[in-house]
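Letters go in sequence order (proteins before strands), and every chain restarts at 1.
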Number of protein chains: 2
Amino acid sequence: MPQFENLKLDRQLCFALYSATNSITRMYRGLLDEYDLTYPQYLVLVVLWEKDGIAIKEVMKRLNLDSGTLSPIIKRLQIAGLVEKVRTDKDERIVRLLLTDKARKLQPMIADVQNQVACQTELSSEEFFELLDRLNQLAASLNNTEAKQSVAS
Amino acid sequence: MPQFENLKLDRQLCFALYSATNSITRMYRGLLDEYDLTYPQYLVLVVLWEKDGIAIKEVMKRLNLDSGTLSPIIKRLQIAGLVEKVRTDKDERIVRLLLTDKARKLQPMIADVQNQVACQTELSSEEFFELLDRLNQLAASLNNTEAKQSVAS
DNA sequence: TAATAATATATTGCACACAACACAGTTGTG
DNA sequence: CACAACTGTGTTGTGTGCAATATATTATTA
């Protein structure tokens with residue numbers, strides 16, 4: 001349990017995350033613009049390219065986002081002709097997402113985008129995966145402790 | 001320059017950043033709610049607690065945000081009675097931000113918030129600072145290469 | 001010095017993120 | 001079977017982020 005003596009911005013892990021994420025998103029924006037996709041829309045496609053036809057609920061879990069965020073994103077992907085919604089017969093509440101041909105054709109064109117971003121991180125392969133591990137570990141801790149807020153410090 | 005063979009979400013550093021940042025912001029929301037502050041509003045205050053009376057332009061640089069983002073945030077802080085705007089005499093374009101008494105009194109009450117979040121990261125002090133270093137290094141690389149997009153991969 | 005460029009800030013429009021709420025469909029319990 | 005609790009999805013309202021643009025002030029240059 002680390003303790004910190006002041007509020008100096010340079011010491012704040014959270015701000016470092018926040019700021020790096022903003023920079024990354026800006027970078028993706030430049031690369032995805034020509035496909036008329038935003039970064040969150042791209043993430044939904046990544047999930048579906050990985051496993052097509054899963055329920056919206058699964059996408060929510062996978063991306064760590066709620067329905068208020070995902071609903072409009074999916075609606076835009078639907079309008080763009082990239083995904084289709086189908087209700088399951090077994091349980092009429094569940095909506096599964098299906099990639100269209102257009103979306104499948106898009107995948108090889110977009111596959112290079114993340115490499116371009118990865119290159120601009122200027123990290124070695126080792127550093128890259130180490131940072132990735134730490135972040136995933138952090139995310140796990142955060143998701144575990146979320147909602148049990150007032151832990152003694 | 002790392003190369004990656006596929007789009008798997010688990011391999012994506014950018015998504016790990018994005019997702020961790022969302023989790024962190026959610027956590028801050030819970031802790032800052034009682035002060036009627038959002039995380040970005042809190043960040044502006046942190047900058048000013050560190051150095052009161054600086055120009056909006058400096059806050060923009062420090063937080064890596066543009067005027068379209070900061071203007072409304074500052075306006076809300078102003079309405080909340082936490083900051084005041086003063087134009088400089090030398091250069092009438094420049095607006096400096098001054099903390100109010102109310103904001104100064106708030107600092108000790110909020111000082112503990114970041115410790116609470118830091119605790120919930122469940123990282124050792126060493127891990128914490130190592131991750132922080134890597135993120136700052138990453139941010140530096142990103143800010144260097146921003147705008148020169150189409151680097152050969 | 002008048003036209004031009006650059007700078008600091010603000011506004012507008014679009015797309016997230018999320019809390020709070022709404023609602024249809026399903027499950028569990030008497 | 002009735003009916004309450006739960007689940008999966010959607011909507012609404014607020015506050016970011018950011019590109020594009022606007023405006024006022026200062027600096028530069030022809």
Q: Which part of the nucleic acid, if any, lies within contact of A:Leu70, taking any heavy atom under 4.0 Å across all strands shown: a base, the sugar-phosphate backbone alone, or nothing?
A: nothing

Q: Does a nitrogen or oxygen in the side chain of B:Tyr18 sit under 4.0 Å from OP1 or OP2 of C:dC16?
A: no

Q: Collect all protein-nucleotide pairs involving nucleotides 11-15 of chain C in which both atoms are nitrogen or oxygen and the distance is under 3.5 Å.
A:
unit_1: C:dT11; atom_1: OP2; unit_2: B:Lys75; atom_2: NZ; d: 3.3

Q: Which residue pairs satisfy the side chain to side chain donor-acceptor pair (under 3.5 Å) criterion with at least one member in residues 89-100 of chain A, sequence neighbours excluded?
A: A:Asp91-A:Arg93

Q: Rounded to the Å, how far apart are B:Leu63 CG and C:dT9 P?
A: 14 Å

Q: Can you list, in residue-number order, the parts of residues 84-94 of chain B that come under 4.0 Å of DNA chain D, counting heavy atoms only?
A: B:Lys90, B:Asp91, B:Glu92, B:Arg93

Q: Verify the contact: side-chain N or O of A:Arg26 to OP1 or OP2 of D:dC18, cut-off strictly under 4.0 Å; return yes or no.
A: yes

Q: Hey, is B:Glu58 close enough to B:Lys51 for a salt bridge, meaning N to O under 4.0 Å?
A: no

Q: Look up atom CD in B:Gln116 and atom CD1 in B:Ile110, then write down how far apart they are to the nearest 0.5 Å.
A: 11.5 Å

Q: Roughly how many Å is it from CD1 in B:Ile74 to C1' in C:dA8, rounded to a whole number?
A: 12 Å

Q: Checking side-chain contact (heavy atoms from CB on, under 4.5 Å) between A:Ser19 and each of B:Leu43, B:Thr21, B:Asn64, which is the one that passes?
A: B:Asn64

Q: Pick the nucleotide of DNA chain C nearest each of A:Thr25 and B:Asp33; which residue has the one closer to the 5' end?
A: A:Thr25

Q: Take the protein atom CD of A:Gln78 and the nucleotide atom P of D:dT9, then report the distance between them rounded to whole Å.
A: 13 Å

Q: How long is the line joining CG of B:Asp36 and C1' of D:dG15, in whole Å?
A: 13 Å

Q: Let me confirm one number: the CG-CZ distance from A:Leu132 to B:Phe15, rounded to the nearest 0.5 Å.
A: 11.0 Å

Q: Looking at residues at least two apart in the chain, or sitting in another chain, which of them share a side chain to side chain donor-acceptor pair (under 3.5 Å) with A:Asn136?
A: none

Q: Quick one: B:Lys61 NZ to C:dT7 C1', roughly how many Å, whole number?
A: 11 Å

Q: Could you tell me how far apart B:Ile24 (CD1) and C:dA17 (P) are, to the nearest whole angstrom?
A: 16 Å

Q: Tell me: CG of B:Asp66 to P of C:dA8, nearest whole Å?
A: 15 Å

Q: For A:Pro108 and A:Lys105, work out which heavy atoms get closest and say how close.
A: CD-O, 3.4 Å

Q: Enumerate the salt bridge (Lys or Arg N to Asp or Glu O under 4.0 Å) contacts for residues 68-86 of chain A, please, sequence neighbours excluded, ordered by first and then second residue.
A: none

Q: How long is the line joining CE of B:Met60 and P of D:dG17, in whole Å?
A: 14 Å

Q: For residues 27-48 of chain A, which residue pairs pass the salt bridge (Lys or Arg N to Asp or Glu O under 4.0 Å) check, not counting sequence neighbours?
A: none

